[in-house]
Number of protein chains: 2
Amino acid sequence: MFMMHSTLRDATTTNKRSCGTLKETLKNYENILNNIKRYVPLNEEDEQQFISIVRTTKIKRRQFIVQPNFTCSHQTYVLKGAFRSYFVNDEGMEYTIQFAIEDWFISDFNSYVNQSPASLFVEALEDSTVQQIAYEDVESLCDKNPKFERFFRLVAQKSFTFSQRRVLSNLGKSAEERYLEFFNLYPSIIQRVPQYALASYLGMSPEFLSKVRKRLTTKS
Amino acid sequence: MFMMHSTLRDATTTNKRSCGTLKETLKNYENILNNIKRYVPLNEEDEQQFISIVRTTKIKRRQFIVQPNFTCSHQTYVLKGAFRSYFVNDEGMEYTIQFAIEDWFISDFNSYVNQSPASLFVEALEDSTVQQIAYEDVESLCDKNPKFERFFRLVAQKSFTFSQRRVLSNLGKSAEERYLEFFNLYPSIIQRVPQYALASYLGMSPEFLSKVRKRLTTKS
DNA sequence: ACTAGTTCAAGATAATTTCCTAATCCAGTT
DNA sequence: AACTGGATTAGGAAATTATCTTGAACTAGT
């Protein structure tokens, strides 16, 4: 199963740091800073503090940024591109936990918060540019500046409510309803991810997803 | 559907405040404070700050502390007793989101964090004693004292990882495996909750849960 | 442009789980 | 202590979804 994928390389060591002009660099941080500012106001100094722990990296399609048994040392913000995190069980079945496109964070969050060995793969679905922040840096930043403590609290709370909504969909909705819900919530993601990955996110076989889609398109 | 349940009453207004001796009162707060101290150290003053926003209440079996369309104004810590939160869809099907026994928090978390109308019921499964903290009080406490900001961040992060684990179980495990996982993780809860509630948590019909249980007991 | 490897579609069959009905069992109430 | 309504157990028919297979259509890399 492992052999199907390209060899793991640690993104933070094998990829060149992106380094363009100053203007370009500032523009690179605009997105992630605006993301934070949706939750907490930041002044110039706050922004500098945050930027100082961010590291920009390019990731090639099919490359892994997290792999089972290695501790997930970073949270990854997607500046450009697409990722998915997934679990592979003993029989080699894949279960997709999360997709991430521009402006989303992704990681093996369990591994990250407990700094324990990961159980998930996180793989680039396209050539991507990401910004990574290391666990220790985040924790000490939160220590130093409560604004970031709050930001990460609010994000975690929101993530939790999203996950609970997904649990509810899994419990209460049929395969077709789950597809429609995803289609309405994340239309842009559907176009960009392979069908087997989407099927494994929605909890159905790829064949059945194909049938659901056909039923829906011939209906309308 | 509503009529099947006992009439809703707002716990915070209809229940008498528990008021025993001073010693008894301190003992009442010991549990919840120890719970917090598993995440962040608290000094005397921190403890006082927290205690000042906590309100202790008794809840009768079958009483609701949250109901759809009413905003969930409090987080509830279970000092003694048992609760469950669940969603009821248009056809009247129930889906259990969470159980909570001693030392757990429960609420309609989505309603609570967004201060928007709830979609869940939260119902007492036994006569219970709870400690509630109001949204505004929590937010201003977090503002005032970053230790609590951190506590709630860490709790939210942990809750998120738990929810993700559950998503994974729903995706990858069979009904029997999901039951066994729950049985191993929360043996004490199984004894205390009705079977139909557990079935609706595990994502199977009560009849099927009965069959699963029988299969397992006759096997061993 | 060619080739190898992925991805998607479609049908037949099989497995899982629900749905329905009825019979017991149990707890709370009178 | 008997009553009553809800909860659990049981069994078989029915529905949903998975699995397996094959072939066609794309896609990426050479």
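Labels below follow one simple rule: chain letters A, B, ... track the order of the sequence lines, proteins then strands, and each chain is numbered from 1.
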>> Test side-chain hydrogen bond (donor to acceptor under 3.5 Å, both in side chains) on B:Q131 and B:T56; report intermediate values, then the result.
In response: CA-CA 4 Å; B:Q131 292 178 319; B:T56 306; 3.3 Å; yes
>> Can you see whether B:Q132 engages B:Y77 through a side-chain donor-acceptor pair at a distance of less than 3.5 angstrom?
In response: no
>> Under the rule for salt bridge (Lys or Arg N to Asp or Glu O under 4.0 Å), what residues qualify as partners of A:E136, not counting sequence neighbours?
In response: none
>> Please confirm whether the ring centroid of B:F87 lies under 6.0 Å from the ring centroid of B:Y95.
In response: no
>> Once rounded to the nearest 0.5 Å, what's the spacing between atom OG of B:S107 and atom CD of B:Q98?
In response: 7.5 Å
> Listed by chain and number, what are the ring-ring contact (aromatic ring centres under 6.0 Å, His included) partners of A:F152, not counting sequence neighbours?
Replying inline: none
> Partners of A:Y201 by side chain to side chain donor-acceptor pair (under 3.5 Å), sequence neighbours excluded?
Replying inline: none
>> Which residues in residues 190-207 of chain B have a heavy atom closer than 4.0 Å to any atom of DNA chain C?
In response: B:G203, B:M204, B:S205, B:E207
> Under the salt bridge (Lys or Arg N to Asp or Glu O under 4.0 Å) test, which residues partner A:E126, sequence neighbours left out?
Replying inline: A:R192
>> Can you classify the ring geometry of B:F64 versus B:Y86 as parallel (below 30°), tilted (30 to 60°) or perpendicular (above 60°)?
In response: tilted
>> Test your reading of the model: is there a side-chain donor-acceptor pair from B:R61 to the backbone of B:D127, 3.5 Å cut-off?
In response: no
> Quick one: B:K214 NZ to D:dA7 P, roughly how many Å, whole number?
Replying inline: 22 Å
>> Rounded to whole Å, how long is the line connecting atom CD of B:E176 with atom P of C:dA15?
In response: 17 Å
> Mind checking what makes salt bridge (Lys or Arg N to Asp or Glu O under 4.0 Å) contact with A:K80, not counting sequence neighbours?
Replying inline: none
> Would you say the side-chain atoms of B:Y135 and B:Q115 include a donor-acceptor pair closer than 3.5 Å?
Replying inline: no
> For DNA chain C, which residues in residues 179-189 of chain A have a heavy atom at a distance below 4.0 Å?
Replying inline: none
>> What is the distance, to the nearest angstrom, from the CZ atom on B:R215 to the P atom on D:dT9?
In response: 14 Å
Could I get a table of every N or O pair under 3.5 Å where one atom is in the protein and the other is in nucleotides 12-14 of chain C?
| residue | atom | partner | partner atom | Å |
| --- | --- | --- | --- | --- |
| C:dA12 | N6 | A:K211 | NZ | 3.4 |

>> My understanding is that only residues two or more places apart in sequence, or in another chain, count here; which of them pass ring-ring contact (aromatic ring centres under 6.0 Å, His included) with A:F208?
In response: none
> Which listed nucleotide (C:dC19, D:dA10, C:dT17) is nearest to the side chain of B:F208?
Replying inline: C:dT17
> Okay, side chain of B:Q191, backbone of B:S188: is any donor-acceptor separation there less than 3.5 Å?
Replying inline: no
> How would you list, by chain and number, every residue that makes a salt bridge (Lys or Arg N to Asp or Glu O under 4.0 Å) with A:E181, sequence neighbours excluded?
Replying inline: none
> Rounded to whole angstroms, how far apart are CZ on B:R213 and P on D:dT9?
Replying inline: 7 Å
> Quantified as the angle between the terminal helix axes (five pairs each), what is the overall bend of the helix from C:dA1-D:dT30 to C:dT30-D:dA1 to 10 degrees?
Replying inline: 60°
Under 3.5 Å between N/O atoms: give me all the protein pairs with nucleotides 22-30 of chain C, atom names plus distance.
none

> Rounded to the nearest 0.5 Å, how far apart are OG of B:S85 and CZ of B:F109?
Replying inline: 12.0 Å
>> From CZ of A:R178 over to P of D:dT17, roughly how many Å is that when rounded to an integer?
In response: 7 Å
